[in-house]
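These notes are about the structure you will find just below.
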Protein chains: 2
Amino acid sequence: MGRPRTPLLDRERITTTALELVDEQGEFSVPQIARRLGVQTGSVYHHVDGRDGIVELLRERVARSIDITTLDARPWDAALAGWARAYRAAFAAHPKAIPLLMTNPVRAPRVLQQYERAVTLLQSAGFPTAEVMPVLVALENVVLGSALDLAAPEAMWEIADASATPRLAEALDAAGPHRADLAFDLALEAFLAHARRRLEECREE
Amino acid sequence: MGRPRTPLLDRERITTTALELVDEQGEFSVPQIARRLGVQTGSVYHHVDGRDGIVELLRERVARSIDITTLDARPWDAALAGWARAYRAAFAAHPKAIPLLMTNPVRAPRVLQQYERAVTLLQSAGFPTAEVMPVLVALENVVLGSALDLAAPEAMWEIADASATPRLAEALDAAGPHRADLAFDLALEAFLAHARRRLEECREE
DNA sequence: ACCTGAACACCGTTCAAGT
DNA sequence: ACCTGAACACCGTTCAAGT
């Protein structure tokens, strides 16, 4: 066969196909991608840095879908809350991909720019520089922790035997179906309230 | 060869070997386990429910190492804080295993019992039953999110180009080396403060 | 019941050969 | 530069055969 006049493959199509496979199955393989694109397995390696490279492309694709305009809101805590929700929503759109994406940090410059802006936001609000990263990472913990909750195929308490753990079963019943969202709202609100108080303390000193 | 007089394999040794491999490499395979135990690959399948079964055994092993006595502390918020720290510490002892363990919930009854006790603790403290699960899941989000932070081989900001994201680099410098622990402390304290306030509101009504 | 040895389908990766 | 086709080492899983 040899080289075609117009390339059959490109990173964009490989990424899209991989994401489709992950959305469907929770995983992907290089041969599966090649099959869907009507191409030989080896061909994929001409466009991509191995399987890990494809995972990194998935990370970028999902991270890029975070609505960055949320960081334009004012005051600072509204901006932070909006960003956290957009961050979580981007992962929630691909729950089966979450285990694949969360393990490693995003390397894409465009995503690091979001963090740069968030740092600027907190500094402008009056947080001392040494406080900025702990605050930001704490928020990230809440976002990723709750995203993980969305990824689990079944919640811990769905396994619970009602006779062995009656109070757990009762509490679950009482919580209703939106427990994941309620928990995220609670954790986010707790974080914001704490951050606001911390900022006031800094201003008083 | 046939059946040996005394079994060469058991679930305990398989689990231990798998955990060793994961601690060293971040992953394991059934043939690797068999090789370390001087046994044929197929033999492992006589003791364990496939590769997924081994992962589940790892989950149980790590979850079992959570110090449950923390839940005996009083008042309720001290117990919850101690439990959260013990929970995180159990994962922190095997950072390379975290991606493997966090995806699915633990099915082991002994672990579900911990949740049962935590539910009881919150009910006794005065939380209305409908509030218990959101509170517990929010705490879980913080714990697992911060555990994920410990698992990352390199933090997001270690990748950051200081010239492209100068404020991020500056904030990182100012935060010092314990950013992960500081962030967890902050998120946990924020959660506890919020939960305390929530409880007071419930009592006033 | 428990281990061997061999088999099967699948995977990630590399690379000479072609255009 | 980009695709094919074949190769290699590895994986998860099954199973007849042995004791």
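Below, chain A is the first sequence line, B the second, and so on; all start at residue 1.
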Notebook entry, point to check: Side chain of B/Pro31: nearest nucleotide among D/dG12, D/dC3, C/dC3?
Noted result: D/dG12
Check: Rounded to the Å, how far apart are B/Gln32 CD and D/dT13 P?
Finding: 14 Å
Next item on the list: Could you check which of D/dC2, D/dG12, C/dG12 has an atom nearest any side-chain atom of A/Tyr45?
Entry: C/dG12
Next item on the list: Return the value, rounded to whole Å, for the distance between atom NE2 of A/His47 and atom P of C/dT14.
Entry: 16 Å
Next item on the list: Provide, to the nearest angstrom, the distance between the CZ atom belonging to A/Arg13 and the P atom belonging to D/dC3.
Entry: 10 Å
Notebook entry, point to check: Between A/Arg117 and A/Asp72, is there a salt bridge with N-O shorter than 4.0 Å?
Noted result: yes
Check: Between C/dC3, D/dC3, C/dG12, which nucleotide gets closest to the side-chain atoms of B/Ser43?
Finding: C/dC3
Note to self: Expressed as a whole number of angstroms, how long is the span from A/Gln40:CD to C/dA16:C1'?
What the structure shows: 15 Å
Notebook entry, point to check: Is any side-chain nitrogen or oxygen of B/Arg51 closer than 4.0 Å to OP1 or OP2 of D/dG12?
Noted result: yes
Item checked: B/Pro7 side chain, from C-beta outward: closest of C/dC2, D/dC11, D/dT4 -> C/dC2
Next item on the list: Choose from D/dG12, D/dC2, C/dC3 the nucleotide whose nearest atom is closest to any side-chain atom of A/His46.
Entry: D/dC2
Next item on the list: Determine the contact category for A/Arg11: base if any of its heavy atoms lies under 4.0 Å from a base atom, sugar-phosphate if only primed atoms, P, OP1 or OP2 are that close, otherwise nothing.
Entry: nothing
Checklist line | Between D/dC11 (C1') and B/Gln25 (CD): distance, integer Å | finding: 14 Å
Next item on the list: Starting from the 5' end of DNA chain C, give me the residue, A/Asp49 or B/Leu9, whose nearest nucleotide shows up first.
Entry: B/Leu9
Notebook entry, point to check: In Watson-Crick or G-U wobble terms, both distances under 3.5 Å, what is the partner of C/dG5?
Noted result: D/dC15
Notebook entry, point to check: Which nucleotide sits closest to the side chain of B/Arg3: C/dT4, D/dC2, C/dC2?
Noted result: C/dC2
Notebook entry, point to check: Does the pair B/Asp52/B/Arg59 count as a salt bridge with the N-to-O cut at 4.0 Å?
Noted result: no
Item checked: Nucleotide D/dC10, atom C1' - distance to CD1 of B/Ile33 in whole Å -> 15 Å
Notebook entry, point to check: Atom CG of B/Leu37 and atom P of C/dC2: how far apart are they, to the nearest Å?
Noted result: 15 Å
Next item on the list: Choose from C/dT4, D/dC3, D/dC11 the nucleotide whose nearest atom is closest to any side-chain atom of A/Pro4.
Entry: D/dC3
Checklist line | Parallel, tilted or perpendicular, as decided by the 30° and 60° cut-offs, for the rings of B/Phe91 and B/Tyr87 | finding: parallel
Check: Quick one: A/Glu27 CD to C/dG12 C1', roughly how many Å, whole number?
Finding: 14 Å
Next item on the list: Could you verify whether a donor N or O on one side chain and an acceptor N or O on the other, from B/Glu140 and B/Tyr115, lie under 3.5 Å apart?
Entry: yes
Next item on the list: Using a strict 4.0 Å threshold on nitrogen-to-oxygen distance, state whether B/Glu20 and B/Arg36 make a salt bridge.
Entry: yes
